[in-house]
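Quick note: numbers below take in every heavy atom, side chains included, and nothing from hydrogens, waters or symmetry partners. Only a predicted model underlies this, so the values are computations on that prediction, with no experimental measurement involved.
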Amino acid sequence: MKLKEIIYKNKKIKVHFIKMDDYALYDPNKNYLKIKRGLTKQILGKTLFHEVFHIIMTCNDFQVAPHGEEKVAELTEQYYTILKTNKVLRNIIINCLN
């Protein structure tokens, strides 16, 4: 099972696992997500949630600071939408939790 893309709203974000120093890098202008190759399950799982949240924020043109914690927390409900439509991503995250 290899994660090649994440689909959300009208965006298709290409995913590449590469050798890099940082855990991940999301570029919303080029629609790609680069993830460090060889991460542990736990770090990969946390990194995927972190990057998926960046995707949600960007695709909804949402700035965190002026809205407060509750409004930001409401956006996390979009994880459902992404995980429901991206079986490979969902399975990787479930595997990382085991």
Measure the shortest side-chain to side-chain distance between [X] and [Y] over non-hydrogen atoms and say whether it is less than 4.5 angstrom.
X: K14; Y: K4; result: no
X: I35; Y: I18; result: no
X: L33; Y: L25; result: no

Derivation and outcome, side-chain contact (heavy atoms from CB on, under 4.5 Å), residues N95 and L97: CA-CA 5 Å; N95 189 40; L97 295 172; over 6 Å; no
Full working for side-chain contact (heavy atoms from CB on, under 4.5 Å) between T58 and Y26: CA-CA 10 Å; T58 301; Y26 169 54; 3.7 Å; yes
Reported [atom1]-to-[atom2] distance for the pair [X] and [Y], which is rounded to 0.5 angstrom:
X: I92; Y: L3; atom1: CD1; atom2: CG; result: 4.5 Å
X: Q63; Y: D61; atom1: CD; atom2: CG; result: 6.5 Å
X: L75; Y: H67; atom1: CG; atom2: NE2; result: 9.0 Å
X: C59; Y: I13; atom1: SG; atom2: CD1; result: 5.0 Å
X: I56; Y: K9; atom1: CD1; atom2: NZ; result: 9.5 Å

Derivation and outcome, side-chain contact (heavy atoms from CB on, under 4.5 Å), residues F17 and L44: CA-CA 11 Å; F17 288 84; L44 176 59; 4.1 Å; yes
Within one Ile-Leu-Val-Met-Phe-Trp-Tyr cluster: [X] and [Y], side-chain cutoff 4.5 Å:
X: I43; Y: L89; answer: yes
X: I6; Y: V88; answer: yes
X: I7; Y: M57; answer: no

Test item: D22 side-chain N/O and A24 main-chain N/O as donor-acceptor pair under 3.5 Å: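 Flag not set: sc D22 to bb A24 has no pair under 3.5 Å.
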Within 6.0 angstrom of K46 NZ, more than 12 heavy atoms from elsewhere: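 Incorrect, the count does not exceed 12.
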More than 12 heavy atoms of other groups within 6.0 Å of N98 CG: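 Correct, the count exceeds 12.
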Contacts of type ring-ring contact (aromatic ring centres under 6.0 Å, His included), residue H54, not counting sequence neighbours: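 Partners of H54 under the ring-ring contact (aromatic ring centres under 6.0 Å, His included) test: H50.
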Aromatic ring pairing F49/Y79, orientation class (parallel under 30°, perpendicular over 60°, tilted between):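 Perpendicular.
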Worked verdict on K11 versus N31 for side-chain contact (heavy atoms from CB on, under 4.5 Å): CA-CA 8 Å; K11 299 262 185 187; N31 289 321; 3.4 Å; yes
Residue pair E5 / K12: nearest heavy atoms and the distance that separates them: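 Scanning both residues, the minimum pair turns out to be OE1-CD, 3.0 Å.
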Contacts of Y8 that satisfy side-chain hydrogen bond (donor to acceptor under 3.5 Å, both in side chains) - sequence neighbours left out: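 side-chain hydrogen bond (donor to acceptor under 3.5 Å, both in side chains) list for Y8, sorted by chain: N60, Q78.
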